[in-house]
Amino acid sequence: MDADLASGKYDKVVTRFPPEPNGYLHIGHTKAIALSFGLAEEYGGVTHLRFDDTNPLTEDTSYVDSIKEDIHWMGFDWGDRLHYASDYFERLYDWAVKLIRKGVAYVCHLTEEEIREYRGTVKEAGKPSPYRERSVEENLAEFEKMRRGEYKDGEATLRAKIDMANPNMKMRDPLMYRVRHAHHHNTGDKWCIYPMYDWAHGQSDAIEGITHSLCTLEFENNNELYRWFLEQLEVPTPPEQTEFARLALNYTVMSKRKLLELIEKKLVNGWNDPRIPTLSGLRRRGYTPAAIRAFVERVGVSKANSVVDLGMLEWAIREDLNYNAPRRMAVLDPLKVTITNYPEGQSEELDAVNNPEQPEAGTRKVPFGRTMFIERDDFMEDPPRKFFRLAPGREVRLRYAYFITCDEVVKDAEGNVTELNCTYDPATRGGDAPDGRKVKATLHWVSAEHAVNLEVRNYDRLFAVENPLAQKYKDNWLQALNPDSLEVLTHVKGEPSLAEMQPGDSCQFERKGYYCMDPDSSDGAPVFNRTVTLRDSWAKMQKKG
RNA sequence: UGGGGAUUGGUGUAAUGGCAACACGCCUGACUCUGGAUCAGGUAAUCGGGGUUCGACUCCCUGAUCCCCAGCCA
C-alpha cells in the first residue's frame, strides 16, 4: 500500500470484507476483518462490507444478519458501505455482453461431466469446447435465452474464451454464468442465471472502487483470472488482489463445512456452541472482542501456512479477563466443613476485594457461617510434600475470612471423605494473624447457609488431537473429538452475589477460572460457562509427577 | 510427470546486504490473602548443499519438504 500510494497508482485505500452468507463467521474471519478494516484505517481509507451472494442454493438472510451482528460485535463498522454482489447482477450481465461482443466469451452446452473432461488435468492440456467458435450474434442470442429461462439447470453456461491449454487450470475457459432456477434471498426470482465467483468478485471490487482486495491463499491461482477480466473490461484503475494465509488453530476445525457437519450431527449444540470457534460460540464462551482482536494482532499476517497454538488464544482472554473480570467465589466440587467452635445459628459478613487488579472496583460483603463448603481437592488426608492445602492438623486461610485448622475427617462406609470438622481462630478475622504467623495456602469457600446453587459447564478443547484433519484421521476425523469437551456440574455452590449477575457477564471464580453467565440461565437457576481455566502450576506439577 | 505459493526457536511473527528481534510456551528465582497476577533471569531458530560478497535470513544456482489448482462452491 505504501508503494501504491507513493507511486500514485491509487490516491486512497479502499478495502472490502466479502463474506458469503452461507454460514456464521468464525475467528478465522476475524483475521480477514481485522486486516481489511485495520489496513484501511491505518491508511486513512475505508472498508466496504459486501456479501458475496452469488449462489442462492446455500445462502440465506439469517446468515446475513448473524454476519452483520458479529462484525459489529467485534467493533468494526462499515458505515453506509453495505453492498451485495447481487446488487450488481444487471451490471455484470451488461459486462458479460461486452465480452461476448469482444469475442472473448461464449455460451457452452457441454454437460458438467463433459466440461470436466474437456478441461484436462493439471498435467495435461484441455481441449476446446465444440461451442467455442460460435459467432458473436449466436452467443448474444444464446446468452439472452439463458437469461430468459429457456434453458434448464445445467443446460448452458457462459464461459470466458481464454486458453484450454493454459498451465493454470483457472484460465481454461472458466465459467462465468450457470443456469440456476432458484430463489435468491435478495433478488428473488428475477434471475435464473447466476455469476460465478471469479466473474462476480473482481468486477464487484471494480464497481465499488476497491483498491486492495485481500483474500486467502487458495485464491492465488485465481489472481491471473481476476486481472484478465479487469483487463478485458478495460477498467481504468483496476483493484489489486493480494493473498494472505488464513488462520488455523490446533485442536479445532475452522471450515464452515466441517462446522456445519458437527452441528447437523448434533455433536455440538448449534452455531453458538461455546466449543466451536465461531464468533457467536466464542462470545457465549466468554471471549471478548478485545481479546480476540489482541489475539489476531499477535498472530500476525504472512503468506506461510501455519497453525496457531490454542494457548495463544487462551493467553489473550486471560490477559483481558485478569484485568477486567470481577472475582467471585464458587465451589465446584463441594466438601462440607463444619467450624465446630463457631457459634451455631450465627453468621457474619466479611469484606472481599472485587478485583485486585483494579482497587477502585471496591469490595463486597460475603457471608460466613458455621457450615461451609470448600473444594474437595483442596483437602488431602495424606498429602504429598508439595501439597500446601488443607490436611489433618494443618492450618490454612479461608480467603478474606479466618484461619482454620482441620481436626477431624469424617468418612462413609467405603472410606470416602464426606465432611471435615475444623476450628477457626477468631483473631484472624479478615485473613491476617495478629501474631504474624503464616499459612501456606489460601482456599476459596462458600457458606452453606447462604450459597446459591449453580450449574457450571466446564468446556475444554473440542478435539483430543492437535490436527483432527491430519491424514491419519482422514475419513474419521470425528473420532478425534475430545469426549470430555463438556463437563456439566450441577451441584456447584456459589457466593450470593453470583445471583445478581446477568447473562453475558464474566467473572473469575477464584483459583478456578474465568466464567461467563450463559443465556440459558433463569431466575434462581444461573448457568455459568467456563471460558478458560486459570494457569495452574499445582496441576502442572502433578502432571509431571 | 504442469502451474502457482511457502519454509526463521516447541508455536506464531520481525529483521530484506550490516549485532537474528518480539510474543506465546517452557525452565529458574523473587513476591503473593488466588499454587492466579506481577517482577527478575534463563532456554531455544534462519530447510539442505554450493556460490556472490568485507559481510547473506536477505542476492544467485541447486536440491528437499509442505500447501493450492482438474466444483455449474466461494
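FYI, side chains are in, hydrogens and waters are out, and symmetry mates aren't considered; it's all heavy atoms of this structure. Chain A is the first sequence line, chain B the second, and so forth, proteins listed ahead of strands; every chain is numbered from 1. Note that this is a predicted model, so its numbers are computed, not measured.
Taking atom C1' in both B:U58 and B:U52, one finds a spacing of 13 Å when rounded to whole Å. Separation of the P atoms belonging to B:C54 and B:U65 is 35 Å when rounded to the nearest angstrom. Here, B:U43 and B:C26 have their C1' atoms 8 Å apart, quoted to the whole Å. Spacing between B:U46 and B:C57 at atom P, rounded to whole Å, works out to 10 Å.
Put simply, A:R178 has a side-chain N or O that comes within less than 4.0 Å of OP1 or OP2 on B:A74. The side chain of A:S537 places an N or O atom within less than 4.0 Å of a non-bridging phosphate oxygen (OP1 or OP2) of B:G36. Remark: A:K303 is not in phosphate contact with B:U7, judged by side-chain N or O atoms under 4.0 Å from OP1 or OP2. Between A:K544 and B:C27 there is a side-chain polar atom (N or O) within less than 4.0 angstrom of OP1 or OP2. Distances shorter than 4.0 Å separate some side-chain N or O of A:S306 from OP1 or OP2 on B:U13. At B:G35, none of the side-chain N or O atoms of A:W538 fall inside 4.0 Å of OP1 or OP2 (strictly under the cut-off). For the pair A:R119 and B:G71, the criterion of a side-chain N or O lying under 4.0 Å from OP1 or OP2 is met.
Within the nucleic acid shown, A:E357 comes within 4.0 Å of at least one base atom, counting heavy atoms only. A:T111 comes within contact range of at least one nucleobase, with a heavy-atom separation under 4.0 Å. Within the nucleic acid shown, A:M196 comes within 4.0 Å of sugar-phosphate atoms alone, with no base atom in reach, counting heavy atoms only. When heavy atoms are screened at a 4.0 angstrom cut-off, A:R535 is found touching the sugar-phosphate backbone but no base atom. Using a 4.0 Å heavy-atom criterion, one finds that A:D432 contacts the bases of the nucleic acid, with or without backbone contacts as well. Counting non-hydrogen atoms under 4.0 angstrom, A:V439 reaches nothing in the nucleic acid. If you check every strand for non-hydrogen atoms under 4.0 Å, A:V353 touches nothing. Contact annotation for A:F219: base contact, defined as any heavy-atom pair under 4.0 Å involving a base atom. As judged by a 4.0 angstrom heavy-atom cut-off over every strand, A:V122 is placed among the base-contacting residues. Using a 4.0 Å heavy-atom cutoff across all strands shown, A:N305 reaches sugar-phosphate atoms only and no base atom. Counting any heavy atom pair closer than 4.0 Å across all strands shown, A:F295 reaches no nucleic acid atom. Base engagement by A:I115 is indicated by at least one non-hydrogen atom pair under 4.0 Å involving a base atom.
Closest approach to the A:N55 side chain among B:A70, B:A74, B:G35 is made by B:A74 (side chain taken as heavy atoms from C-beta onward). Nearest nucleotide to the side chain of A:K540, out of B:G35, B:C26, B:C72: B:C26. Taking only side-chain atoms of A:V299, from C-beta outward, the nucleotide of B:G2, B:A74, B:G12 with the closest atom is B:G12. Distance from the side chain of A:R389 is smallest to B:G35 among B:U34, B:G35, B:C69.
The pairing partner recorded for B:C26 is B:G42, the criterion being a Watson-Crick or G-U wobble arrangement whose two distances lie under 3.5 angstrom. Of all nucleotides present, none satisfies the Watson-Crick or G-U wobble test against B:C31 with each distance under 3.5 Å. As the counterpart of B:C19, no nucleotide is assigned, since no Watson-Crick or G-U wobble pattern has both distances under 3.5 Å.
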(request) Dump the intermediate steps for side-chain hydrogen bond (donor to acceptor under 3.5 Å, both in side chains) on A:N221 and A:N168, then the final yes or no. (result) CA-CA 7 Å; A:N221 298 313; A:N168 180 354; 5.2 Å; no
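Residue-to-nucleotide contacts include a donor-acceptor pair under 3.5 Å from the side chain of A:N221 to the base of B:G3. At a cut-off of 3.5 angstrom, counting only N and O atoms as typed in the model, there is no donor on one side facing an acceptor on the other between the side-chain of A:E124 and the base of B:U1. Side-chain N/O atoms of A:R116 and base N/O atoms of B:G71 include no donor-acceptor pair closer than 3.5 Å.
When A:R327, A:K365, A:R364 are each tested for a salt bridge (charged side-chain N to carboxylate O under 4.0 Å, His left out) with A:E495, only one passes: A:R364.
With its glycosidic angle within 90° of 0, B:G71 is assigned syn.
A cation-pi contact, defined as under 6.0 Å to the ring centre and within 45° of the axis, is absent between A:R397 and A:F403. A:R147 forms a cation-pi arrangement with A:Y93, by the criterion of a distance under 6.0 Å to the ring centre and an angle within 45° of the ring axis.
With hydrogens and angles ignored, the 3.5 Å screen pairs no side-chain donor or acceptor of A:N186 with any backbone N or O of A:S86.
Salt-bridge annotation for A:E395 and A:K440: absent, with no side-chain N of the basic residue lying under 4.0 Å from a carboxylate O of the acidic one. Under a 4.0 Å N-O distance rule, the pair A:D87/A:R50 does not qualify as a salt bridge. A:R511 and A:E375 are not joined by a salt bridge, as no carboxylate oxygen comes within less than 4.0 angstrom of a charged side-chain nitrogen.
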